[in-house]
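Only this structure's heavy atoms are used, side chains among them; waters, hydrogens and symmetry mates stay out.
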Amino acid sequence: LQTITFENLTNTTTGSLTFTSNRWTVGTTGPQTLPDGSTRVIKIEDISRDSQCFIITSGGTVDTDSKKITSETTWIDSAGRSHTQTLASLRTRWENPQGSCFAPTQVSQVSFNVSGAQFSGGKQLRQVYFTNNGSTNVTIDTVSFTWTNSAELSQLFMDTSKVWSETGPGTPTDEVDSGETIDIQNFVLAAGATAELNKGQFDDPMSGTTLTMTVTFTDGSTWTSPPFNPT
C-alpha cells in the first residue's frame, strides 16, 4: 500500500486493489478473487481527530488530510479451514494539507534576527527583524519583553505601523513592566516579507540592558529569543 497517493482514495467498504502501470490503484467494487483463490476486500474510511490532532475512534472532527486503508484477505487451506488476515495503513496528505493538523506552525516559517538590535537615542529599541520564509502569511498576536532595569515600555511599532501603545491600540492601556504580555494589534507578516520592530519606546535610558523577547502567533506557536544586549 506504500505507493497509493492520498488523492486516489475514495471511501468504500467493498473496494479492490490492483497493480497496473507500475502503481497500485484502489477500486470501489469488491470483493476480488486473487489468482490463488483467496478473496480480498479493501476498506477506506475517514479518520477523526480531537482538538490536539490525536486520532480518536468516536467524536472529534473528520480530518480532511487522513484516510485509513484496511485490507482483509480470506482463504481456505488444504484442510478446509477458513483464515482471514487483516492489514491496516494510514494515509495522510502531509505534503499539501487542507486542514490544520499537518500544516506547519506559523513560528516554523519565521526567522528572527536580534544581532543588530540598537537603542536609538538610548530609549528606542530598533533593528529587530522578522522574516517570513514560508509560502503563507503569518500573524503576530502578542509580544512580551524582559529587561534588567526599572524602565517601562510605552509603545511598539512594526515597520511603520503602531501595533501597541499605552493609549491604544492593543492592551494593556498603560505602560508595561518587564515580563508583561502585550496584546498588540495583530500584525500580518506576508509570505516572503521582512519586518522591523523599529520602535520599542522605553521611558528611561536602556544602555547596557539585557533583553529577551517572546513572540506568539495566532496559532499559539511561540518564539523566545536568547538574551541580547542592544548597542
Do you see a donor-acceptor pair shorter than 3.5 Å between the side chains of [X] and [Y]?
X: Ser111; Y: Asn133; result: yes
X: Ser225; Y: Thr212; result: no
X: Lys43; Y: Asn11; result: no
X: Asn186; Y: Thr139; result: no
X: Ser66; Y: Arg49; result: yes
X: Thr218; Y: Gln106; result: yes
X: Ser165; Y: Thr167; result: yes
X: Gln109; Y: Thr136; result: yes
X: Ser221; Y: Thr105; result: no

Without swapping roles, check the side chain of [X] against the backbone of [Y] for a donor-acceptor pair under 3.5 Å.
X: Trp147; Y: Glu152; result: no
X: Arg40; Y: Thr33; result: no
X: Ser161; Y: Val163; result: no
X: Asp63; Y: Ser48; result: no

ask   = Given the rule in the side chain to side chain donor-acceptor pair (under 3.5 Å) test, do Thr210 and Asn229 qualify, once you have shown the distances and angles that lead to the verdict?
value = CA-CA 5 Å; Thr210 299; Asn229 298 94; 2.5 Å; yes

query = Does a side-chain N-to-carboxylate-O contact under 4.0 Å join Lys123 and Asp203?
reply =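 Looking at Lys123 and Asp203, the cut-off is not met.
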
query = Do Trp24 and Phe19 have ring centres separated by under 6.0 Å?
reply =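 Ring centroids of Trp24 and Phe19 are less than 6.0 Å from each other.
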
message = Are the side chains of Ile182 and Val176 in contact, using a 4.5 Å heavy-atom criterion?
response =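 Touching, per the 4.5 Å side-chain cut-off.
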
request  = Name the orientation class of the two ring planes belonging to Phe119 and Phe202 (parallel below 30°, tilted from 30 to 60°, perpendicular beyond 60°).
outcome  =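 Correct class here is perpendicular.
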
